[in-house]
Amino acid sequence: MKQVLEVLKDSTIASRDGKDDRSRFWGLYKRVAEEHDDEFLERYNSDMDIVLVFSGLFSAVSTTFIVAMESSLSPDPNDTTHALLAQLVQIGLGNFTAVGSAPATPASNWSPPIANIRIQSIAYASLSFSLLAAFGAVLGKQWLGYYKSQRYGRGSQEERAKRRQEKFDGIVTWYFDAVVQSFPVLLQISLLLFGIALSANMWSQQHTIAWVIIATTVFGFMFYSLTVMAALVSPACPFQTPISTILRIMRIDRVLRPMVKLVSQNVRKSITFVHGELRFLYVHRL
């Protein structure tokens, strides 16, 4: 509220004729608040729309991948058919002892490999995170709609403005920004888990293709990590992401900045040392 007073103190947006200071202040407050709220609502509504669209498409792809791997968790029906045919042959040959000692079907002793269970678990976790992101985006749009429709209520201009300020203070107090921006982070975690599951599944089938998927996943993870670190170190960095905002709220940037500064100084010293050594060798060689 103090910042609003400082901004509006010397403002000439509204006419001063025929209005006392109190009504003029609340009129100016409403204009500034509406400008801020319009930008706030438009930004977060567009973010939630992106999360909904991407999570819907990604969930369809992830579900297709899970269905394709589903057969690895159940016994092959062809093995059961072969076992039954073998028992019929033994019965035809009169070898009833072999028939009685063998299990009726291989499925009775079959269990899925541990590696397949782990891969499926990661794939299902990826799908779950994607659905959670979509669910969170729906909730986010509902919260934004409630704030937009209920921020003023009814009453005099002063009462409406105070009610709006109370609701906006609630947004700050309850870390609304961090909660809403965590939904894209869930989608990014889902994408990482999908890359891990896809790499592990392909590794059991074809190593060359698996290396391509692993290299792509690692490159994407490293690139994203570097952009997050750059955004934490420099607030003016254009590579701002939801996770960098959340980490900044958690004060992680205060720990990271001295570390990055120390590393950059050591790298600079190493480059200077190597450059000096190379120059020394070059001069003495001539």
Side-chain angles (χ1 to χ4, degrees), residues 51-91 95 97-139 182-229 241-243 246-247 250 252:
V51 172
L52 283 173
V53 172
F54 188 84
S55 61
L57 295 175
F58 181 74
S59 297
V61 174
S62 181
T63 303
T64 304
F65 175 69
I66 290 175
V67 171
M69 292 193 305
E70 195 72 31
S71 59
S72 61
L73 296 180
S74 58
D76 190 353
N78 293 327
D79 294 340
T80 303
T81 302
H82 294 160
L84 293 175
L85 290 175
Q87 290 184 3
L88 289 176
V89 171
Q90 293 296 331
I91 292 173
N95 191 0
T97 304
V99 174
S101 60
T105 59
S108 58
N109 296 328
W110 186 89
S111 62
I114 300 298
N116 290 345
I117 295 177
R118 292 174 179 174
I119 294 172
Q120 284 278 43
S121 299
I122 297 174
Y124 275 106
S126 172
L127 179 60
S128 299
F129 274 107
S130 177
L131 295 176
L132 281 176
F135 177 67
V138 172
L139 288 179
S182 66
F183 302 145
V185 175
L186 293 177
L187 202 55
Q188 293 159 4
I189 295 174
S190 174
L191 187 61
L192 175 62
L193 293 176
F194 179 77
I196 295 173
L198 187 62
S199 302
N201 182 65
M202 188 55 64
W203 183 263
S204 61
Q205 302 178 26
Q206 225 289 333
H207 287 186
T208 303
I209 301 177
W211 275 118
V212 174
I213 301 174
I214 292 172
T216 305
T217 304
V218 171
F219 173 77
F221 178 76
M222 294 299 296
F223 177 78
Y224 183 74
S225 300
L226 290 175
T227 57
V228 170
M229 292 178 63
T241 57
I243 193 171
I246 295 174
L247 293 177
M250 298 171 61
I252 302 297

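For reference, positions follow the sequence shown, starting with 1. Keep in mind that this is a model prediction, so the values were computed, not measured.
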Main-chain N/O of N201 paired to S204 side chain as donor or acceptor, under 3.5 Å
yes
Walk me through whether S59 and L127 qualify under side-chain contact (heavy atoms from CB on, under 4.5 Å).
CA-CA 6 Å; S59 297; L127 179 60; 4.0 Å; yes
Is there a donor-acceptor pair closer than 3.5 Å between any side-chain N or O of S225 and the backbone N or O of F221?
yes
If I compare all heavy atoms of M69 with all of Q120, which pair ends up nearest, and what's the gap?
O-NE2, 3.2 Å
If you count heavy atoms of other groups shown closer than 6.0 angstrom to CZ of F194, is the number above 12?
yes
Would you say the side-chain atoms of S130 pair up with the backbone N or O of S126, donor to acceptor, closer than 3.5 Å?
no
Rounded to the nearest 0.5 Å, how far apart are OG1 of T216 and CH2 of W211?
12.5 Å
Interatomic spacing from CZ in F135 to CG in L186 - rounded to 0.5 Å:
12.0 Å
For residues A210 and M202, report the shortest heavy-atom separation together with the two atoms involved.
N-CG, 3.6 Å
Side chain S62, main chain F58, donor-acceptor under 3.5 Å
no
Would you name the heavy atoms of G195 and I213 that are closest together and state the gap between them?
O-CG2, 4.2 Å
CG/L198 to CD1/I214 distance, rounded to the nearest 0.5 angstrom?
10.0 Å
So, S128 side chain and Y124 main chain: donor-acceptor pair closer than 3.5 Å or not?
yes
On a heavy-atom basis, which atom in A133 and which in F183 lie closest, and how many Å separate them?
CB-O, 3.6 Å
So, for A134 and L52, which heavy atoms are closest and what is the spacing to 0.1 Å?
O-CD2, 3.5 Å
Spacing of Q188 atom CD and L193 atom CG [to the nearest 0.5 Å]:
12.0 Å
Restricting to non-hydrogen atoms, name the atom on I122 and the atom on I196 that form the minimum distance, rounded to 0.1 Å.
CD1-CG2, 4.1 Å
